[in-house]
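As structure tokens, the structure follows; a few thoughts come after it.
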Amino acid sequence: MTIMGVDLGELLKRKQIEIKDLSGRWVAIDAFNTLYQFLSIIRQRDGTPLMDRQGRVTSHLSGLLYRTTNLIEAGVKVAFVFDGEAPTFKAVTLAERSEIRDKAAWAWEEARAAGEDGFKYAQAASRINSEIIEDGRRLILAMGLPVIQAPSEGEAQAAYMAARGDVDYAGSQDYDSLLFGAPLVVRNLAITGKRKLPRKNIYVDVEPEVINLEVGLANLGITHKQLVEIGIMCGTDFNSGLERVGPKTALKLIREKGDLESILADRDDKIEDFEKIREFFLHPPVTDDYKIALKKPVPEEIVSFLVDERDFDPERVEKTAKRLEEVYRSGQSTLDHWF
DNA sequence: CTGCCGAA
DNA sequence: TTCGGCAGG
């Protein structure tokens with residue numbers, strides 16, 4: 001499983017798509033997830049992230065600017081959903097992750113001292129802070145894209161917006177959006193392109209993929225609530241799951257016993273707060289306070305922020321800002337703007 | 001991750 | 001024109 005979220009990939013059918021299949025569609029992207037991915041992927045060869053002259057991390061800004069502009073240019077409209085307050089029962093998971101990152105940071109130091117390749121430790125030590133979040137938000141706004149503030153989990157808010165039909169897809173790297181009830185989830189939107197195979201020096205193309213919740217549930221013959229229970233058994237952002245229970249075993253148990261209460265009673269087992277966690281997935285805190293629309297990008301703000309404050313190359317940034325402006329301009333003159 | 005530049 | 005490798009901040 002990834003560091004974030006439940007891995008239900010082996011239970012649910014994934015449909016490979018191309019970016020152009022998403023042209024004209026709105027995708028609500030989990031901002032934290034995306035920033036984290038850029039931060040861990042965009043690195044120098046020794047594992048150091050990109051930084052300005054003051055040592056402030058800029059990897060995420062590079063990823064956001066170039067990747068998002070390409071998506072927008074391909075006609076994919078993206079809204080970024082930022083996390084609000086984490087539920088209290090997430091504290092344990094967050095503490096565990098923090099410890100993992102501390103260990104990775106230490107391993108990175110060791111590898112560097114020994115003159116070895118510490119890239120994977122550097123990646124694992126990636127840590128989002130409030131400055132990274134705020135810088136990301138600032139750039140997204142300057143690019144004219146919607147920023148939505150979730151009251152709680154961003155994935156939950158994105159799922160809600162997709163369920164309401166205000167966006168077409170929830171975009172995330174993990175499967176939590178499905179547990180939160182997103183009808184359509186698109187994965188690999190931020191990392192499409194090439195991905196390095198572990199321990200090998202070869203790269204494979206990673207195409208985006210779509211998962212349809214309703215179809216997935218029908219194929220498995222289970223309800224949404226049961227899928228949530230499977231997730232909880234495997235472990236989620238909010239609990240560590242049952243010993244030696246993965247997606248396949250969890251599905252089997254659900255089919256046999258029907259619900260998590262019966263499974264736990266049968267095993268004489270327990271999961272802390274499981275009713276609360278299940279309720280959180282089924283009815284998470286969300287807000288209607290959002291507007292999904294492309295605004296005019298502000299090239300001067302993009303340039304002054306990235307070039308003057310973060311030491312980006314003026315030519316590259318100006319060129320990219322112009323591309324964004326051009327997409328907005330041509331979008332204004334087409335009819336689909338009115339729908 | 002992406003852009004860019006030089007080699008083929 | 002395409003491709004691979006390197007730099008980006």
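Order of the sequence lines sets the chain letters (A, B, ...), proteins ahead of strands, with each chain counted from 1.
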Can you check the [X] [atom1] to [N] [atom2] distance for me, whole Å?
X: Asp313(A); N: dC5(B); atom1: CG; atom2: C1'; value: 14 Å
X: His60(A); N: dT2(B); atom1: NE2; atom2: P; value: 17 Å
X: Gln44(A); N: dC6(C); atom1: CD; atom2: P; value: 14 Å
X: Leu189(A); N: dC1(B); atom1: CG; atom2: C1'; value: 13 Å
X: Lys319(A); N: dC4(B); atom1: NZ; atom2: P; value: 4 Å
X: Asp46(A); N: dG8(C); atom1: CG; atom2: P; value: 13 Å
X: Arg323(A); N: dG3(B); atom1: CZ; atom2: C1'; value: 9 Å
X: Asp52(A); N: dG9(C); atom1: CG; atom2: C1'; value: 7 Å

### Query
Base, sugar-phosphate, or nothing for Arg45(A), non-hydrogen atoms under 4.0 angstrom?
sugar-phosphate
### Message
Regarding Ser62(A), tell me which of base, sugar-phosphate or nothing describes its non-hydrogen contacts under 4.0 Å with the strands shown.
### Response
base
### Query
In chain order, what residues pass the side-chain hydrogen bond (donor to acceptor under 3.5 Å, both in side chains) check against Arg255(A), with sequence neighbours excluded?
none
Are OP1 or OP2 of [N] and a side-chain N or O of [X] less than 4.0 angstrom apart?
X: Asn70(A); N: dC1(B); value: no
X: Arg53(A); N: dG9(C); value: no
X: Arg310(A); N: dG9(C); value: no
X: Arg316(A); N: dC1(B); value: no

### Query
So which heavy atom on Val27(A) is nearest to which on Ala170(A), and how close?
CG1-C, 4.3 Å
#### Entry: Where Met233(A) and Ala250(A) come nearest, the two heavy atoms and their spacing
CE-O, 3.7 Å
### Summary
Checking dC6(C), dG8(C), dG9(C) against the side chain of Ile42(A) (C-beta onward), the nearest is dG8(C)
### Side chain of Arg67(A) - closest among dC6(C), dC1(B), dG9(C)
dC1(B)
### Query
Distance from Leu39(A) atom CG to Ile132(A) atom CD1, nearest 0.5 Å?
5.0 Å
### Query
Taking it one step at a time, do Phe238(A) and Phe281(A) satisfy ring pair (Phe, Tyr, Trp, His ring centres under 6.0 Å)?
CA-CA 10 Å; Phe238(A) 314 107; Phe281(A) 276 116; 5.5 Å; yes
